[in-house]
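Atoms within each ligand, like the ligands themselves, are counted from 1 in listed order.
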Amino acid sequence: MPFTTIAPPEAGLAADFADLGLSEPILKAVAGKGYRTPSPIQRQCIPAVLEGRDVMAAAQTGTGKTAGFTLPMLERLRHGPHARAGVVRALVLTPTRELAAQVGESVMAYGRYLDLRADVVFGGVSINPQMQRLRRGADVLVATPGRLMDLQQQNALRLDRVEILVLDEADRMLDMGFIRDIRRILSLLPSHRQNLLFSATFSGEIRKLATGLLHNPVHLQATPENRAATTVEQLLHPCDMARKPDLLSHLIRTNDWQQVLVFSRTKHGANRVAERLEAEGLAAAAIHGNKSQGARTRALAGFKSGEVRVLVATDIAARGIDIHQLPHVVNLDLPNVAEDYVHRIGRTGRAGQNGHAISLVAAEEHELLRAIERLIGTTLPRQEVAGFEPTVLSAPPLDLSGGRGRRRDGAPRRDSRPPAPRRRR
Ligand code: AMP
């Protein structure tokens, strides 16, 4: 599916992969994947990376960012001498094992006609085979920070020859507490190298990291910062907290959804809902940090193949999951951090396809809802579902007219305080 439905080629930017400066073996691999036109982030990113520039890109999963950095990275690497024993030439850091595996698959696919060695390492699986493989060196190594540090401490690899560093989903790496590992990894890299930083959101902390890391970077943006992709239809069903699992099951059945990603704030909640759906005969699985790597991989594979109809995930586990044209995302709970809402609904409506993001919101969550609506700059449409109307009323929609909770005369509006949940009579 070409990306041209998301945005027309910007003036002056190449509309074809062949015009981007990539060589034949890479173009052949891209054609083999079925891509016809580069996505907006690819059109901007590929030439900048080929020029050797540092890049800071606001891009979330679904924009084609992986090919955006991988294709030009492979192009640059193919021109240099191959990795010697123990040496890593390009290092891609990702927050989660799933994302590392996915990026690794992309690197293998795009590099299939090149004579480069790529490898993927992450925790939760045995370290010994990884140590053995790395002895031969890697032109590209995709890694999660913790496992990379373990391998480095065991002298399984050398990072002092890294030519290109990619931090993928940097915001999530910081959220997950990897900052110390990242700083230690940075201290092991040579000072002369190319740096690419990808992040869906740009907090002060990310900007601070970027300032110390990037030299005269090109700033790129795939979607306007902190805005949800426009192809996602967002809807909110007010309901009582206790009725959420019933409502979820009702929605899946009545709409006959065949592939639904459900977000739960807690691991326990994810398990409970998945078990409950299973008991009702809906094929469901949960993924979260307490599940073994094998169980996570199996659940994800089942979901991709259609065997598992409902995948219930926590934010961290779901991060970076790339499922082509995922049609439905349901927020069983609203996330504690408003930015996570943007990440969550970024799972759907990909590559120009329409997606649906539905949030089940209880009155207790209206503060979280307000924060989300403020961040995305819009009020989510409310729709009660017959038979599931809330008995505790939610807050009225947020006033985004610019009043900012003050009257024209500057006095605070009487309704500017969040109202306490009211019981419906
Ligand atoms: P990413 O944002 O890198 O996770 O990529 C999202 C999805 O888009 C992946 O399934 C890619 O295979 C796909 N993709 C990447 N680039 C293109 C392109 N130029 N045309 C069509 N699909 C693409």
Side-chain angles (χ1 to χ4, degrees), residues 1-10 13-22 26-47 49 55 57-75 92-112 120 140 142 166-172 196-201 220-223 228-229 231-232 259 261 300-301 303-305 318-327 329 342-355:
M1 176 56 59
F3 266 91
T4 41
T5 42
I6 293 180
E10 293 80 5
L13 288 173
D16 221 327
F17 278 107
D19 302 329
L20 288 172
L22 301 168
I26 294 181
L27 291 174
K28 194 167 142 193
V30 167
K33 289 282 283 179
Y35 306 166
R36 274 177 274 158
T37 45
S39 71
I41 192 77
Q42 291 164 0
R43 275 185 233 123
Q44 303 167 60
C45 193
I46 294 171
V49 177
V55 167
Q60 59 192 62
T61 309
T63 55
K65 69 181 166 70
T66 314
F69 65 75
T70 305
L71 299 175
M73 177 176 81
L74 292 172
E75 184 68 50
V92 182
L93 291 179
T94 72
T96 63
R97 299 162 185 178
E98 282 80 8
L99 185 60
Q102 262 167 33
V103 172
E105 278 170 26
S106 297
V107 172
M108 312 284 177
Y110 302 138
R112 61 189 288 208
V120 185
V140 181
V142 185
V166 182
L167 297 186
D168 194 11
E169 307 207 348
D171 50 352
R172 189 53 46 149
L196 317 175
L197 184 147
F198 288 78
S199 193
T201 54
L220 306 177
Q221 197 151 357
T223 50
T231 46
V232 180
Q259 199 184 32
L261 179 60
L300 197 55
F303 188 55
K304 282 188 182 182
S305 72
R319 185 71 184 150
I321 290 179
D322 172 28
I323 296 148
H324 212 50
Q325 295 172 12
L326 183 61
V329 164
V342 180
H343 288 303
R344 287 177 174 193
I345 73 162
R347 311 295 97 182
T348 181
R350 352 226 10 217
Q353 299 292 303
N354 267 341

query = Salt-bridged, Lys65 to Asp168, with N to O below 4.0 Å?
reply =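 So Lys65 pairs with Asp168 through a salt bridge.
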
Identify, by atom number and element, the atoms of ligand 1 in contact range of [X], meaning under 4.0 Å from any of its heavy atoms.
X     : value
Thr66 : 1 (P), 3 (O), 4 (O)
Thr37 : 18 (C), 19 (N), 20 (N)
Thr61 : 2 (O), 4 (O)
Gly64 : 1 (P), 2 (O), 3 (O), 5 (O), 15 (C)

Could you say whether the N/O atoms of [X] and ligand 1 ever approach to under 3.5 Å?
X     : answer
Lys33 : no
Tyr35 : yes
Phe17 : no

Working to the nearest 0.5 Å, report the span between [atom1] of [X] and [atom2] of [Y].
X      : Y     : atom1 : atom2 : result
Leu197 : Phe69 : CG    : CZ    : 11.0 Å
Leu71  : Leu22 : CG    : CG    : 5.5 Å
Thr70  : Gln42 : OG1   : CD    : 9.5 Å

For [X] and [Y], indicate whether the former's side chain and the latter's backbone hold a donor-acceptor pair under 3.5 Å.
X      : Y      : result
Ser199 : Glu169 : no
Arg43  : Pro38  : yes
Gln259 : Pro327 : no

task = Answer side chain, backbone, both or neither: which part of Gln42 comes under 4.0 Å from ligand 1, heavy atoms only.
result =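 It is the side chain that gets close, since no backbone atom is under 4.0 Å.
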
inquiry  = With the threshold set at under 4.0 angstrom, would you say Val30 reaches ligand 1 through any of its heavy atoms?
reply    =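 Contact absent.
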
